[in-house]
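Structure first, then comments.
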Amino acid sequence: MELNRRTIMAGAAAAGLAAATVGGGSAHAASGRSGGGRGPVRTPFGRLADGTRVDSWALQNGGTRMRVLSYGGIVQSLEIPDRRGRYANVSLGFDGLEQYVSSSPYFGALIGRYGNRIDRGRFTLDGRTHQLSVNDGENSLHGGEKGFDKRVWDVEPFTRGSDVGLHLRLTSPDGEMGYPGTLRVKVTYTLTRDGDWRVDYEARTDRATVVNLTSHVYWNLAGESSGTVLDHELTIDASRFTPVDAGLIPTGERARVAATPFDFRRGKPIGRDIRSAHQQVLYGQGFDHNWVLDKGITARPQHAATLRDPSSGRTLRIATNEPGLQFYSGNFLDGTLVGTGGRVYRQGDGLCLETQHFPDSPNQPSFPSTVLRPGEVYRTTTVHAFGV
Ligand code: BGC
């Protein structure tokens with residue numbers, strides 16, 4: 001589908017996004033010649049309290065349009081058409097930088113160094129115990145108090161063949177948030193000619209450490225601010241999940257999903273069992289668990305989950321080479337945040353599908369290892385394919 005710059009602006013305005021001078025002599029504007037690719041085009045988004053500039057990058061390809069912030073690598077909006085060609089922003093977010101800084105539950109952000117929880121923020125590696133920054137009761141969540149979601153990334157745009165995208169880089173110093181090793185991270189966002197959003201993660205360290213990077217987009221395929229996702233149908237290719245304790249730390253078990261609310265193998269509406277009195281649903285206040293993907297760790301991304309909104313017909317298919325998928329049904333959205341569309345987000349108004357290694361792996365010897373050593377390269381890929 002051929003789109004022009006004006007279309008991006010109209011879409012952005014319709015979605016109530018921050019005004020942006022798309023085009024207008026901005027640096028790095030590249031003319032997409034194939035696959036309908038445009039951009040990436042940079043516009044200023046705001047400044048942090050210390051004066052650091054934050055940019056917004058607009059890119060589009062194959063009928064998908066997105067805006068990415070240098071702050072947190074945040075996907076501020078992602079627009080795709082429904083079955084009648086009408087666009088909607090299907091990712092929860094905010095209008096302004098201040099809300100992202102002060103009160104974001106990781107909307108759209110890159111997560112690191114460690115996706116999900118580490119028990120009491122502590123782990124032992126090669127005989128040495130490390131105390132991490134603790135920010136979720138007594139546990140460490142999503143990298144600690146100032147994770148990669150709150151860092152300003154170095155952004156380099158590219159166009160390559162029919163692809164358009166961004167390289168996002170940052171260096172996390174040795175000891176940051178308690179993690180050992182200087183970690184050099186590169187995440188590449190690519191919009192393909194088919195409109196798929198591909199995320200490639202890469203990291204290197206100079207000391208043994210643990211790494212588990214992911215993306216925290218909240219999806220609502222009917223459009224953000226359109227209500228809950230309880231009618232969305234979800235399929236997860238997983239026969240087991242990792243049950244948690246009351247603090248949402250895995251017990252170490254890999255329980256069968258059969259005959260539980262956690263069985264999404266044949267696909268079902270998210271709302272069907274979300275009010276089940278199953279102990280695990282109570283702990284999560286809904287779904288907030290890691291599914292053990294049947295395919296396991298794979299050399300190439302393989303299908304993990306499909307999300308479908310019957311009302312708009314929009315679908316999202318996720319493929320990854322990771323062994324786990326955290327399905328979080330937006331349980332802690334509590335009506336206190338005003339989203340991009342100017343409306344309040346309430347419980348279940350968006351859901352996250354975070355491809356990952358399992359939570360608390362550094363303390364769980366039976367889980368696939370998240371250890372990264374000098375000389376090794378951490379590489380994982382997740383592909384989000386949109387359709388109707
Ligand atoms: C976690 C939730 C957490 C949320 C933060 C999810 O990835 O699984 O437990 O509350 O992130 O918004």
Side-chain angles (χ1 to χ4, degrees), residues 72-75 91-94 99-121 132-150 199 201 212-220 224 228-229 234 236 238 241-251 262 264 270 274 279-293 304-305 307 318 320 322 324-337 339 344-361 364 367 370 382:
I74 287 170
V75 175
S91 148
L92 273 55
F94 295 121
Q99 296 139 288
Y100 280 112
V101 172
S102 67
S103 43
S104 182
Y106 307 92
F107 282 154
L110 284 175
I111 303 295
R113 297 187 185 188
Y114 200 97
N116 214 279
R117 293 176 178 77
I118 295 183
D119 189 17
R120 287 164 297 150
L132 306 174
S133 152
V134 156
N135 60 337
D136 182 68
E138 57 174 2
N139 302 320
S140 186
L141 173 66
H142 295 331
E145 209 177 338
K146 186 172 180 186
F148 293 174
D149 58 294
K150 295 178 189 69
V199 188
Y201 303 88
N212 187 30
L213 306 177
T214 189
S215 159
H216 211 285
V217 171
Y218 285 68
W219 303 101
N220 184 326
E224 66 82 34
T228 77
V229 294
L234 178 63
I236 308 178
F241 74 111
T242 51
V244 290
D245 65 16
L248 301 183
I249 298 291
T251 59
F262 296 84
F264 283 88
I270 286 163
I274 206 166
Q279 182 62 63
Q280 287 294 316
V281 180
L282 289 169
Y283 280 157
Q285 296 185 32
F287 297 106
D288 191 358
H289 296 77
N290 171 68
W291 270 255
V292 179
L293 297 170
L307 184 66
I318 293 187
T320 185
E322 288 281 21
L325 180 79
Q326 185 82 15
F327 162 36
Y328 167 59
S329 51
N331 316 321
F332 304 120
L333 297 173
D334 60 1
T336 57
L337 302 174
V344 162
Y345 293 140
R346 296 174 63 86
Q347 193 175 38
D349 279 3
L351 68 99
C352 302
L353 297 169
E354 304 153 63
T355 53
Q356 61 181 10
H357 269 52
F358 307 166
D360 198 33
S361 297
Q364 298 283 351
F367 287 178
T370 51
T382 294

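Since we're looking at a predicted model, the values are computed, not measured. Order of listing sets the numbers, starting from 1, for every ligand and every atom in it.
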Best match, F332, F107, Y218: closest heavy atom to atom 12 (O) of ligand 1: Y218
Against heavy atoms of Q326, which atoms of ligand 1 measure under 4.0 Å? 8 (O)
Atom CD of Q280: over 12 foreign heavy atoms under 6.0 Å: yes
Answer yes if the side chains of T382 and T355 hold a donor-acceptor pair under 3.5 Å, and no otherwise. yes
In Å, rounded to the nearest 0.5 Å, how long is the span from CG of L92 to CG of L337? 9.5 Å
Compare E354, Q285, Q356 and give the one whose heavy atom is closest to atom 7 (O) of ligand 1. E354
For atom 2 (C) of ligand 1, the closest protein heavy atom turns out to be D288 OD2, 3.1 Å
Partner of T214 by side chain to side chain contact (heavy atoms under 4.5 Å, CB included), out of E354, H142, E322: E354
When distances are taken from atom 11 (O) of ligand 1, the protein heavy atom at minimum range is H216 NE2, 2.8 Å
P105 neighbourhood, listing ligand 1 atoms whose heavy-atom distance to it stays under 4.0 Å: 12 (O)
Identify, for atom 5 (C) of ligand 1, the protein heavy atom at the shortest distance, and state residue, atom and that distance. Y106 CD1, 3.7 Å
Can you pull out the closest protein heavy atom to atom 3 (C) of ligand 1? Residue, atom name and distance to 0.1 Å, please. R117 NH2, 3.9 Å
Centroid-centroid distance, F287 to F241, less than 6.0 Å: no
At less than 4.0 angstrom from any non-hydrogen atom of N116, what atoms of ligand 1 do you find? 1 (C), 8 (O)
Does the plane of the ring in Y106 sit parallel, tilted or perpendicular to the ring in H216? Use 30° and 60° as the thresholds. tilted
Given H289, which partner from the list F262, F264, F327, Y328 fulfils the ring-ring contact (aromatic ring centres under 6.0 Å, His included) test? F262
